[in-house]
Protein chains: 2
Amino acid sequence: MTPRILLPEHLIRTSLIRGITVDTPMTNPVSEQAFLAQYNIHDFDVPLTTVDMAIFTLREKRLEVLLVKRAQHPAQGKWALPGGFIQLGQDHSLEDAAHRKLLEKTGVASPYLEQVMTVGNAKRDPRGWSVTVVYFALIASDSLRIQPDESSEQVAWVPVKEALENYGLAFDHQTLLATCHARLKSKVLYTALPVHLLPDAFTLTDLQQVFEILLDQPVEKKAFRRRILDAGILEETGGMRTGQSRPAKLYRVSDKQQAHCFPRNIEGPR
Amino acid sequence: MTPRILLPEHLIRTSLIRGITVDTPMTNPVSEQAFLAQYNIHDFDVPLTTVDMAIFTLREKRLEVLLVKRAQHPAQGKWALPGGFIQLGQDHSLEDAAHRKLLEKTGVASPYLEQVMTVGNAKRDPRGWSVTVVYFALIASDSLRIQPDESSEQVAWVPVKEALENYGLAFDHQTLLATCHARLKSKVLYTALPVHLLPDAFTLTDLQQVFEILLDQPVEKKAFRRRILDAGILEETGGMRTGQSRPAKLYRVSDKQQAHCFPRNIEGPR
DNA sequence: TATGTTAGTGTGATAGTGCCACTATATTAG
DNA sequence: CTAATATAGTGGCACTATCACACTAACATA
């Protein structure tokens, strides 16, 4: 039952601070400056820390997620959520790291981005104790341009159902993806999150269809329109979309930062 | 504008894997075993990783949070949320680490524990790039026994309002606490979370009072009772609480793991 | 037995939703 | 030009969980 090579015992160092004696805590005579000068993070055992993302988009009336085929060990050749280490010199924050990953993979600069959870334990990565901070992003498929990564990894949009069922994702990424998907679906019940899967201008029918795809069940037209319009989160662009029939008003999100929460869940058919 | 001593430039190492050449990704000839044998986490720059907790309880009809006076640098002498490094050899997972912290500080073994968020950036800790995974816990005040920590830190229960306003918490802990508090308050609108702040057996009036404290506004009795009872998350213990007046039925939570979500928010007075 | 106090209920109003038939306005076929 | 088709958008009632508040119930104590 020790399937993986972990860090050898002798590499597990203590977490006590080397060279500093703490006699009576509150009268520690060492100044903070002196303390920090002596402090070296490499004296400690720290977990691996990564950022992973579930990047969702809508293509051909299906919810799809971006997967990456791992070019390197571990889990070489397996599909995985895009992600990787934080670049301490470059990323100012976790969100920075997530934005960077997203830009690298999709060319999208300002998506909807939400932190979902952080998973950390000794077993999830064969390299040792590892922590991953997981985000999900929503982007409009019209805004993305897949570009062959400089690391020339294989990248693909995969329907979420398939990714969960048939892709044998690396590490615990199936669980991570399932959690992201569950979070997305649950938020559809009481927010207007799906607007972020649409282009800047869209019709109410477009939006309703997105809800129906995400909820995987029909949504009643009138109730839906009332709910969305009364919330005051959209504004008319002034334009109309013409087609084979009566033209439809185009809307845009009035404040992309604002995340409206409805006081009730969508109930669905009774 | 460089107020703190950070890691000297020469300590910032590259994130490339030493001694392994990746020529064509998918035909990497090194086996996973060989890869892992060569892998040493100390070759990389990794952030500091900690777990911090907002441990809430109810004392004298106020919501209070556990604070710890820091015995060591950095931020020595300041009040902070309890937390600390993950013990890689001991904690199997982040939740383990959180449970350990909680047990150390309060003696409570099985509280309600929820991950709130993870904050990571280069500035929040003077020791360098750091990540903290933040949890909140709810415990019943009757179940806790504060024990002087072995590190003999000063520990105190502080009303949340005071902690946020007058305590000048260490690092970014004021923000962390504020976010935990906001999360708790928002979940009170659509869950029965406050049951975890009560002892095993309680009356509906007890529970209503907790809601009123957390929401900071009155709650209508009949509507509240129907809401809670119809949800089917409580069961009668069979016992009654007697007092100066009509005895009240005692209830317990029927399934502590189950987190019921109501289809509507508590609306409060109109 | 009366009174105070808290537990618990009966019942109508309110508001956001579901439901469904209806009208409105465009394109396209004849 | 007219009718058919198709989708956009509305009117209006039903439903349900809530709010509101007055009421009854049960116990302790004087």
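All values derive from a computational prediction rather than experimental measurement. Naming convention: chains lettered A, B, ... in sequence-line order (proteins, then strands); numbering from 1 in each chain.
If you measure from atom CD of B:Glu267 to atom P of C:dA15, you get 9 Å, rounded to the nearest angstrom. Distance A:Arg264 CZ to C:dA15 P: 10 Å, rounded to the nearest Å. The separation between B:Arg225 atom CZ and C:dT9 atom C1' is 9 Å, rounded to whole Å. Atom pair A:Phe262:CZ and C:dG18:P shows a separation of 11 Å (rounding to whole Å applied).
One donor-acceptor pair, N or O on each side, does fall under 3.5 Å between the base of C:dG18 and the side chain of A:Arg226.
At the heavy-atom level, A:Arg227 lies under 4.0 Å from the strands shown only through sugar-phosphate atoms.
Contacts of A:Glu267 classified as salt bridge (charged side-chain N to carboxylate O under 4.0 Å, His left out), with partners at least two apart in sequence or in another chain: A:Arg270. In terms of the side chain to side chain donor-acceptor pair (under 3.5 Å) criterion, B:Arg227 has no residue partners (sequence neighbours excluded). Residues forming a salt bridge (charged side-chain N to carboxylate O under 4.0 Å, His left out) with A:Arg241 (at least two apart in sequence, or on another chain): A:Asp206. Residues passing the side chain to side chain donor-acceptor pair (under 3.5 Å) test with B:Arg59 are B:Glu64, sequence neighbours excluded. Taking A:Glu212 as the reference, A:Gln208 meet the side chain to side chain donor-acceptor pair (under 3.5 Å) condition, with sequence neighbours excluded. Shown here are the ring pair (Phe, Tyr, Trp, His ring centres under 6.0 Å) partners of B:Tyr135, two or more places apart in sequence or in another chain: there are none.
Closest approach of B:Val68 and B:Pro82 over heavy atoms only: CG2-CB, 3.9 Å.
Residue pairs meeting the side-chain hydrogen bond (donor to acceptor under 3.5 Å, both in side chains) criterion with at least one member in residues 184-198 of chain B, sequence neighbours excluded, are B:Glu114-B:Lys187. Evaluation of the ring pair (Phe, Tyr, Trp, His ring centres under 6.0 Å) test over residues 223-244 of chain B, restricted to residues two or more places apart or in two chains, returns B:Phe211-B:Phe224.
Residues from residues 186-224 of chain B placing a heavy atom under 4.0 Å of any atom in DNA chain C, listed by number, are B:Thr205, B:Lys221, B:Lys222. Residues from residues 234-251 of chain A placing a heavy atom under 4.0 Å of any atom in DNA chain C, listed by number, are A:Gly243, A:Gln244, A:Ser245, A:Arg246, A:Pro247.
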Quick one: side chains of residues 255-264 of chain B, donor-acceptor pairs under 3.5 Å with protein atoms, not counting sequence neighbours, listed by atom name and distance.
residue, atom, partner, partner atom, Å
B:Asp255, OD1, B:Gln257, N, 3.1

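For DNA chain D, the contact window with chain B, defined by any atom under 4.0 Å from a protein heavy atom, covers D:dT16 to D:dA28 in 5' to 3' order.
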Give the C-alpha distance, both sets of side-chain angles, the deciding distance and a yes or no for side chain to side chain donor-acceptor pair (under 3.5 Å) between B:Arg252 and B:Thr237. CA-CA 6 Å; B:Arg252 74 167 75 87; B:Thr237 66; 5.2 Å; no
